[in-house]
2 protein chains.
Amino acid sequence: MARRSPASESDRAEDMDARKAAVLAAVVKEHIDTAHPVGSQTVRDTAGINVSPATIRSELVALERSGYLQQPHTSAGRVPTEKGYRHFVDSLERGKLSTPKVQQLHSFIGTFQGEMKAMYEQITAKLADVTRYPAVIVGPGPGHGNATVRDAHLVDFDSRRILVVVTLSDMDVQKKVVNLDFDVTTDDVVIASAQLRALVLGTTLGDRIEVPALNTPVAKLVRRAAESLFDDTAQLDGEQVFVGGASKVADSFDTMESARQVLDVLEKQLVIVSLFKDLLQKGASVAIGSEHGYAPLAECAVVVAPLTIDGQNAGAVGLLGPTRMKYAEAIAAADVVSEQLTERLSSETHHG
Amino acid sequence: MARRSPASESDRAEDMDARKAAVLAAVVKEHIDTAHPVGSQTVRDTAGINVSPATIRSELVALERSGYLQQPHTSAGRVPTEKGYRHFVDSLERGKLSTPKVQQLHSFIGTFQGEMKAMYEQITAKLADVTRYPAVIVGPGPGHGNATVRDAHLVDFDSRRILVVVTLSDMDVQKKVVNLDFDVTTDDVVIASAQLRALVLGTTLGDRIEVPALNTPVAKLVRRAAESLFDDTAQLDGEQVFVGGASKVADSFDTMESARQVLDVLEKQLVIVSLFKDLLQKGASVAIGSEHGYAPLAECAVVVAPLTIDGQNAGAVGLLGPTRMKYAEAIAAADVVSEQLTERLSSETHHG
DNA sequence: TCTGGCACTCAATCCTACCGAGTGCCAGTT
DNA sequence: AACTGGCACTCGGTAGGATTGAGTGCCAGA
């Protein structure tokens with residue numbers, strides 16, 4: 001049967017000449033648009049290749065043999081496999097695709113005024129609106145970023161429960177409860193508050209502060225308070241996850257079951273955050289189907305783009321869609337948001 | 001045709017004797033359980049009435065004539081109309097229905113420890129989990145409630161932008177930006193901060209404070225800051241809306257379109273809030289179908305229960321479901337959350 | 001007032017036939 | 001060797017037609 005080269009089952013680069021690539025691209029594009037299997041006829045027309053359908057067919061057979069395509073059943077057209085989508089996405093030239101939609105998004109972010117939280121909310125909504133996919137933005141946790149401390153206070157609620165209140169240069173306010181294992185007086189707290197303020201003023205929440213290890217109640221309180229602030233693990237208000245366009249799942253997914261699972265994931269924000277982190281760590285910007293190894297999203301595609309502050313990962317922008325999602329558009333949109341937001345994050349935190 | 005009483009089209013109380021009520025209840029219950037039209041046979045069995053199906057049938061005809069039931073088509077069983085559901089719900093005895101589920105909810109709230117925001121989030125999730133319907137809790141805005149001010153500070157970002165930071169007795173921290181139309185120095189701000197603190201300490205955010213109308217920058221700043229705090233319309237962080245179990249829409253609604261619309265509403269939190277407020281104002285706890293007049297939710301039922309602080313409306317607990325939702329359970333669950341949370345709200349704010 | 005009996009209705013289900021998009025294969029052409 | 005036109009074949013989707021059965025309305029009789 002395999003007449004040409006007996007070991008061509010594998011996926012070395014040679015199994016993909018220019019025309020095969022064109023055919024594959026045509027199939028993927030068409031399937032993304034129509035959700036139907038794509039036949040040789042259609043490929044000929046849409047790919048602009050001047051060969052007969054029969055020739056296309058032999059290419060299709062080859063592509064299927066190498067695992068890029070599959071047939072739902074005999075006498076149906078072809079549908080991309082995960083591998084097919086992957087090839088398509090990889091060969092997508094990353095040149096700033098600039099559709100009107102994406103530009104709209106760009107200017108929306110550029111002109112945005114207001115508080116951070118509202119900004120994230122609105123941008124997430126806009127991103128979902130533009131792409132028609134549910135969107136997620138994982139905002140930088142307060143521990144990250146280079147917002148500096150503008151003010152700090154301690155407020156005592158009883159002799160062992162103290163609240164640390166910190167105002168940051170980006171006009172954000174953070175609080176943190178400190179539970180002591182010894183008693184302090186209100187006077188202690190007032191003194192400690194002033195000391196803490198002097199210590200942390202102008203620092204970044206990422207910085208670790210040296211606190212003299214004295215044994216007076218005041219000194220211990222100051223140390224505990226400072227520690228609580230710079231403690232990575234027990235994040236202050238935690239990473240902020242913004243979800244927008246959840247109702248878009250109804251547009252993108254056709255079975256209730258798949259919609260259900262996507263909604264479920266959107267609710268479990270921990271899952272989303274770690275999924276995004278995983279992908280970004282791998283340097284991936286798109287995960288197709290089972291690539292990310294998370295079963296409930298096996299029929300989905302995830303597009304992510306990083307949010308960075310001073311080159312450090314500080315969050316993510318993501319879109320969820322079906323495997324046949326509009327990758328080019330989605331990637332472009334996520335990238336725009338990522339860039340604009342990253343830019344804004346560094347400028348925001350400096351002019352304070 | 002109408003042999004008995006010619007003017008019986010209307011819905012006066014007499015058109016509903018005990019047996020009719022039983023039949024109606026049986027139809028509603030069965031339809032809620034099965035989602036199928038209910039026939040005379042089934043009614044006989046489930047309602048425990050010892051009459052023949054033929055007799056039931058005549059009752060069904062009467063109930064249909066009065067508008068409580070309707071037939072999807074000839075030779076199908078009956079399905080409740082909105083009016084039918086309404087009667088059913090109204091006749092539901094409001095005695096604390098106490099299923100294991102509801103008790104579980106009760107104890108969950110009772111034993112909950114932690115911050116308010118996390119509490120609302122988790123309770124909303126739990127409520128959705130128990131009822132299997134998407135749940136919404138509208139938390140009391142910071143303007144409401146009787147949490148008192150424990151501390152207050154002003155932080156200047158530039159000579160016209162000042163941040164007001166207020167720590168409340170429930171360990172919540174609120175912030176508010178004040179934009180001035182005159183310049184102040186950092187020294188002014190320090191002084192104003194102390195004055196503001198003295199003024200508002202121990203007050204409730206609902207109270208209005210008298211501030212001497214002097215014309216020095218400091219006095220004006222203090223007045224502006226105080227006003228911003230007690231300004232109802234420009235709420236501090238706004239009412240907090242918590243949505244849980246959005247993925248439950250996939251269980252409760254059968255068409256993508258209806259699911260879509262519910263998800264849409266859940267996203268538009270303003271709509272939810274005003275819907276809940278409307279219902280509570282009317283004293284309603286259940287809105288069925290088009291009763292609330294909000295078109296996108298015309299095929300839904302809404303169950304609400306108030307959250308009160310000192311007898312004042314301070315929020316709401318709500319569940320969204322199909323018109324054939326499990327009213328008894330949903331109402332019981334919403335009520336439990338409402339009670340427990342109301343209780344907790346008043347105790348929380350006093351022991352501070 | 002209730003009941004059993006009966007003819008009737010109509011959605012749902014199943015079967016069948018048919019259509020047509022699309023295939024694989026092959027012999028013939030360039 | 002690569003491409004093409006031709007052809008038989010496959011099989012999901014659709015449309016018609018018969019069947020089923022749950023449920024009805026009506027009525028005459030208890």
So, the side chain of B:Ser52 versus the backbone of B:Ala54: is there a donor-acceptor pair under 3.5 Å, distance only? yes
Is it true that the side chains of B:Thr55 and B:Ser58 contain a donor and an acceptor less than 3.5 Å apart? no
B:Gln70 CD to D:dG23 P: how many Å, rounded? 17 Å
Here's a test for you: under side-chain hydrogen bond (donor to acceptor under 3.5 Å, both in side chains), which of B:Glu267, B:Lys268, B:Gln261 qualifies with A:Ser247? B:Glu267
B:Leu60 atom CG is separated from D:dT24 atom P, nearest whole Å, by 6 Å
Please walk me through it: do A:Phe276 and A:Val136 pass side chain to side chain contact (heavy atoms under 4.5 Å, CB included)? CA-CA 10 Å; A:Phe276 283 7; A:Val136 180; 3.9 Å; yes
Per-helix bend value, the helix from C:dT1-D:dA30 to C:dT30-D:dA1, C1' rotation axes over five pairs per end, 10° rounding, shows 20°
Residue among B:Val303, B:Leu127, B:Val304, B:Val336 satisfying side chain to side chain contact (heavy atoms under 4.5 Å, CB included) with B:Val317: B:Leu127
Separation of C:dG24 C1' from A:Glu59 CD (nearest whole Å): 15 Å
Tell me which donor-acceptor pairs under 3.5 Å the side chains of residues 28-35 of chain B have, and how far apart each pair is, sequence neighbours excluded?
{"from": "B:His31", "atom 1": "ND1", "to": "B:His36", "atom 2": "O", "distance (Å)": "2.9"}
{"from": "B:Thr34", "atom 1": "OG1", "to": "B:Glu30", "atom 2": "O", "distance (Å)": "2.9"}
{"from": "B:Thr34", "atom 1": "OG1", "to": "B:His36", "atom 2": "N", "distance (Å)": "3.1"}

Side chains of residues 39-50 of chain B: which donor-acceptor pairs under 3.5 Å do they make with residues two or more places apart or in other chains?
{"from": "B:Ser40", "atom 1": "OG", "to": "B:Arg57", "atom 2": "NE", "distance (Å)": "3.4"}
{"from": "B:Thr46", "atom 1": "OG1", "to": "B:Thr42", "atom 2": "O", "distance (Å)": "3.1"}

Distance, rounded to the nearest Å, where B:Asn50 contributes CG and C:dG4 contributes P: 11 Å
Please list each protein N or O that sits under 3.5 Å from an N or O in nucleotides 5-11 of chain D, with the distance.
{"from": "D:dT10", "atom 1": "O2", "to": "A:Ser75", "atom 2": "OG", "distance (Å)": "2.8"}
{"from": "D:dC11", "atom 1": "OP1", "to": "A:Thr74", "atom 2": "OG1", "distance (Å)": "3.4"}
{"from": "D:dC11", "atom 1": "O4'", "to": "A:Ser75", "atom 2": "OG", "distance (Å)": "3.4"}

For B:Pro322 and B:Tyr327 the tightest heavy-atom approach is O-OH, 4.4 Å
B:Leu69 CG to D:dT24 P, straight-line distance once rounded to whole Å: 11 Å
Distance-only donor-acceptor check, side chains A:Ser290 and A:Glu82, under 3.5 Å: yes
A:Ile49 atom CD1 is separated from D:dA2 atom P, nearest whole Å, by 16 Å
Is it true that A:Asp17 and A:Lys20 make a salt bridge, defined as a side-chain N closer than 4.0 Å to a carboxylate O? yes
Of all the choices, C:dC2, D:dT24, C:dT23, which nucleotide is nearest to the side chain of A:Arg78 once you look at every atom? C:dT23
Restricting to pairs with a member in residues 289-302 of chain B, which pass salt bridge (Lys or Arg N to Asp or Glu O under 4.0 Å), not counting sequence neighbours? B:Arg86-B:Glu291
Atom CD1 of B:Ile56 and atom C1' of C:dG4 are separated, to the nearest Å, by 15 Å
Can you list, in residue-number order, the parts of residues 27-44 of chain B that come under 4.0 Å of DNA chain C, counting heavy atoms only? none
Atom-to-atom span, CZ of B:Arg65 to P of D:dG25 - whole angstrom: 10 Å
